[in-house]
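As structure tokens, the structure follows; a few thoughts come after it.
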Protein chains: 2
Amino acid sequence: MAVSAHRGAPLSPEEIYATALRLIDAGGVEGLSMRKLAVELDVNPMSLYHHIDSKTTLLQRVCALVGAQLSLPPDDGAPWPQQLRALGHACRASARRHPSLWLYAQSHPEVTGSDHRLWRALDRILTAAGIGPDDLAHARKALFALLSGFILGETTGALDEQGGAADLDETFESSLDFAIAGLAAFHR
Amino acid sequence: MAVSAHRGAPLSPEEIYATALRLIDAGGVEGLSMRKLAVELDVNPMSLYHHIDSKTTLLQRVCALVGAQLSLPPDDGAPWPQQLRALGHACRASARRHPSLWLYAQSHPEVTGSDHRLWRALDRILTAAGIGPDDLAHARKALFALLSGFILGETTGALDEQGGAADLDETFESSLDFAIAGLAAFHR
DNA sequence: GACGTTACCATACAGCGTATGGCTGTAAGT
DNA sequence: ACTTACAGCCATACGCTGTATGGTAACGTC
């Protein structure tokens, strides 16, 4: 099937995704171009379009790939604050591995919108925390905002530029304490 | 001085900033190009570069312009929860007026980093709330994360796509309650 | 051998930010 | 009054982007 002269095997979507993720981690989403990706894969730029629709959907797939690797806390009956902390740490760890991609995903949520795994896990934890069904959406969105804002600020450096303690690990723990205490507002 | 044939007056940085902001509000930051801006100002693209350094610094100025318009709560001795709410509402209102610009600013914080007005106001409020100096940075960053994450989510639509109550005004009030309750975590 | 399909590639287009250099009319210096 | 300097503007061009279009080569099936 007219495999590339330079390469042994034909391209595959998975290979494209993995290479794109590597380039993104190395040079940021804005540093990724179809031409550079093609060079990295030793292929003509237009060859990529026989395996993916467009650069946008390529980024969607890569986001989904990273999202699927999130190790969310299992429903093992552990205390809810502990589970909430685990969920936070999982997201933050992934964001530190792929900062530019998370930044992109957070600015283009249509890309991640369909990943309801995270919301389901969060809802379960919040329910375990005694949040009633009427407040569930509010609590979930408040926690989403806090978590995603922290990741955003850490990724962009906005949290570093503010004065005060420079240890963001400690600040993250504090923010989790803050969140756990804040959930009291939903107990009426 | 060889003023443009089509325009009566010469360009000014302020006119450029104002027009850029208008175009950004209409078509997003990613929809703004120097060429379109030039068309809007009835001028050759390269003429802009006699008044601004680059597109990047242009965006910085526009961000600063919007930031300066933020009406932060005055230090009038009002109860701190009320001041905290006012600060939150001020930021959210501005973000709703200029969503795309806020999205840009949040992803490029080097642009807004030098605007410490907000942090000073927040620190003042938190001190009034009884937060000790050791916890001030933690509390400030947690609140920054919550606020900026909410604005991010509302701007991109990530908060709409989640299920539950669709009224984001109400959710924002809930999040403020959540924040106020959460500050208890810093009282030791 | 003919044919359809798959993988790949070459060329081209419209758009981007902006470096470079040139034109023109006003202002300042003498 | 004459020269010089400069401010404001513009035309052209370079290298980059994503991708539409259409062509070519190798394969499986008949």
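In what follows, chains carry the letters A, B, and so on, assigned in the order in which the sequence lines appear, proteins first and then strands, with residues in each chain numbered from 1.
- Remark: P of D/dG8 and CD1 of B/I16 are 11 Å apart, rounded to the nearest angstrom.
- One finds no salt bridge joining B/R140 and B/D135 here, because no Lys/Arg side-chain nitrogen approaches an Asp/Glu carboxylate oxygen to under 4.0 Å.
- Under a hydrophobic-cluster definition in which Ile, Leu, Val, Met, Phe, Trp and Tyr are linked whenever side-chain heavy atoms come within less than 4.5 Å, directly or via other members, B/V29 and B/I151 are assigned to the same cluster.
- Distance from the side chain of B/Y49 is smallest to C/dG17 among C/dG17, D/dT17, D/dA20.
- Atom CG in B/L147 sits 8.5 Å away from atom CG in B/L122 (nearest 0.5 Å).
- Look at CG on A/L11: it is 12 Å from C1' on C/dC9, rounded to the nearest Å.
- Non-hydrogen atoms lying under 4.0 Å from DNA chain C are contributed by A/H50, A/H51, all within residues 50-63 of chain A.
- Judged by distance alone with a 3.5 Å cut-off, a donor-acceptor contact links the side chain of A/R35 to the base of D/dG18.
- Remark: the backbone N or O of B/S148 is paired with a side-chain donor or acceptor of B/Q106 at under 3.5 angstrom.
- Between the CE atom of B/M34 and the C1' atom of C/dA14 there is a distance of 19 Å, rounded to whole Å.
- Atom CG of B/L37 and atom P of C/dT18 are 12 Å apart (whole Å).
- The CE-C1' distance, from A/M46 to C/dT6, rounds to 16 Å in whole Å.
- Atom CG of A/L58 and atom NE2 of A/H51 lie 12.5 Å apart (nearest 0.5 Å).
- For C/dC9, one of the phosphate oxygens OP1 or OP2 lies less than 4.0 angstrom from a side-chain nitrogen or oxygen of A/S47.
- One can place CG of A/L32 at 10 Å from P of D/dT17, the figure rounded to the nearest angstrom.
- In this structure, the CD atom of B/E15 is 13 Å from the P atom of D/dG8, given to the nearest Å.
- Rounded to the nearest 0.5 angstrom, A/L126 CG and A/Q83 CD are separated by 11.0 Å.
- Whole-Å rounding puts the A/N44 CG to D/dA20 P distance at 15 Å.
- The cationic group of B/R92 lies under 6.0 Å from the six-membered ring centre of B/F172 and within 45° of the ring axis, placing it in a cation-pi geometry.
- Listed pair B/S33 / C/dC16 meets the phosphate criterion, a side-chain N or O lying under 4.0 Å from OP1 or OP2.
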